[in-house]
Amino acid sequence: MESHVLSKQQAAEAVRQAKVTTGVTWAQLAEAVGRPLAWTTAALLGQHPMSKDEAASAASLLELGDDAALAFQLQPTRGALEAAVPVDPTIYRLYEVIQVYGPTIKELIHESCGDGIMSAINFRLDVRRVPDPAGDRVVITLDGKYLPYQW
């Protein structure tokens, strides 16, 4: 089978399409790769590099070729949105949350931890659905290591 180089974005699109055609879930991919759900999803959407074994496992489960597995291993350009202000409604709502609550989150981090930031490198993410009589809720947990500024 001939292999050519895909970009991270092309590989991410191939993943989205393969999920539809194969019926494979993000959870099944995370289990096959042996990594957390959010990390695996982000990696397959182009935000993290995978090891050769992780990439091979994901490509196999999705019935994708060596070109996709190679792209999964490439070093990404992280945080690259297609526009400064996202237009996808789900992503925009998260942007809106940061616009409204970002200063509050910053103040609360400084008050409880001191002068520093939350790491997005030493970081965990969890997304889950929680039943509620008034309508199901989405709970997003951002869990980053506290990094004090050092002067």
Side-chain angles (χ1 to χ4, degrees), residues 1-106 108-109 113 116-130 135-150:
M1 179 177 190
E2 188 173 316
S3 178
H4 65 282
V5 178
L6 293 179
S7 70
K8 295 289 267 185
Q9 294 79 12
Q10 290 169 323
E13 187 56 37
V15 167
R16 286 187 190 97
Q17 291 176 14
K19 282 182 75 292
V20 172
T21 59
T22 64
V24 171
T25 66
W26 292 116
Q28 290 169 322
L29 285 160
E31 185 177 333
V33 167
R35 293 282 214 140
L37 175 62
W39 184 93
T40 302
T41 305
L44 292 170
L45 293 177
Q47 295 299 306
H48 301 300
M50 297 180 115
S51 72
K52 186 174 184 175
D53 289 343
E54 291 167 344
S57 294
S60 175
L61 189 58
L62 289 166
E63 300 174 6
L64 296 173
D66 293 339
D67 52 347
L70 179 61
F72 299 157
Q73 297 171 66
L74 296 174
Q75 188 65 37
T77 300
R78 290 183 175 95
L81 293 176
E82 293 179 16
V85 177
V87 295
D88 176 86
T90 303
I91 298 172
Y92 180 80
R93 289 299 167 261
L94 294 169
Y95 177 80
E96 184 179 41
V97 165
I98 296 303
Q99 285 181 312
V100 173
Y101 293 103
T104 299
I105 293 167
K106 176 183 171 19
L108 294 174
I109 287 171
C113 300
I117 61 171
M118 179 182 77
S119 175
I121 296 169
N122 188 333
F123 183 81
R124 291 186 283 263
L125 166 70
D126 184 53
V127 179
R128 55 192 174 88
R129 182 179 185 161
V130 176
D136 289 356
R137 315 275 303 172
V138 175
V139 177
I140 300 172
T141 303
L142 308 175
D143 180 351
K145 180 180 180 181
Y146 172 70
L147 302 171
Y149 282 108
Q150 298 178 359

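- Shortest non-hydrogen contact noted between Gln99 and Pro103 is O-CD, 4.0 Å.
- The side-chain heavy atoms of Arg129 and Arg137, taken from C-beta on, include no pair separated by under 4.5 Å.
- Side-chain contact between Met50 and Leu44 is present, with heavy atoms from C-beta onward closer than 4.5 Å.
- Considering every non-hydrogen atom in both Phe72 and Ala11, the closest pair reads CE2-CB, 3.8 Å.
- The shortest distance between side-chain heavy atoms of Met118 and Lys145 does not fall below 4.5 Å.
- For the pair Val138 and Val127, the minimum side-chain heavy-atom distance is below 4.5 Å.
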Do Val15 and Leu62 pass the side chain to side chain contact (heavy atoms under 4.5 Å, CB included) test, and can you show the C-alpha distance, the side-chain angles, and the key distance before you say yes or no? CA-CA 7 Å; Val15 167; Leu62 289 166; 4.0 Å; yes

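- Taking all atoms of both residues into account, the shortest heavy-atom contact from Gly65 to Ala59 is O-CB, 4.0 Å.
- The two residues Gln47 and Gly79 come nearest to each other via the heavy atoms OE1-N, 2.8 Å.
- Look at Asp126 and Arg124 and you find no salt bridge, because none of the NZ, NE, NH1 or NH2 atoms lies under 4.0 Å from a carboxylate O.
- Atom OH of Tyr101 has 12 or fewer heavy atoms from other residues, nucleotides or ligands within 6.0 Å.
- By the 4.5 Å heavy-atom criterion applied to side chains, Glu96 and Arg93 are counted as neighbours.
- Residues Ile140 and Leu94 have side chains in contact (heavy-atom distance under 4.5 Å, counting atoms from C-beta outward).
- The shortest side-chain heavy-atom distance between Tyr92 and Val87 does not fall under the 4.5 Å cut-off.
- Environment of CD in Gln10: crowded, with over 12 heavy atoms of neighbouring residues, nucleotides or ligands closer than 6.0 Å.
- The heavy-atom pair separating Lys8 from His48 by the smallest distance is NZ-O, 3.3 Å.
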Could you check Val24 against Glu63 for side chain to side chain contact (heavy atoms under 4.5 Å, CB included), going step by step and ending with a plain yes or no? CA-CA 10 Å; Val24 171; Glu63 300 174 6; over 6 Å; no

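- In this structure, Tyr146 and Ile117 have side chains that are not in contact, with every pair of non-hydrogen atoms separated by 4.5 Å or more.
- Annotation for Val33 and Ala58: closest pair CG2-CB, 4.0 Å, computed over non-hydrogen atoms.
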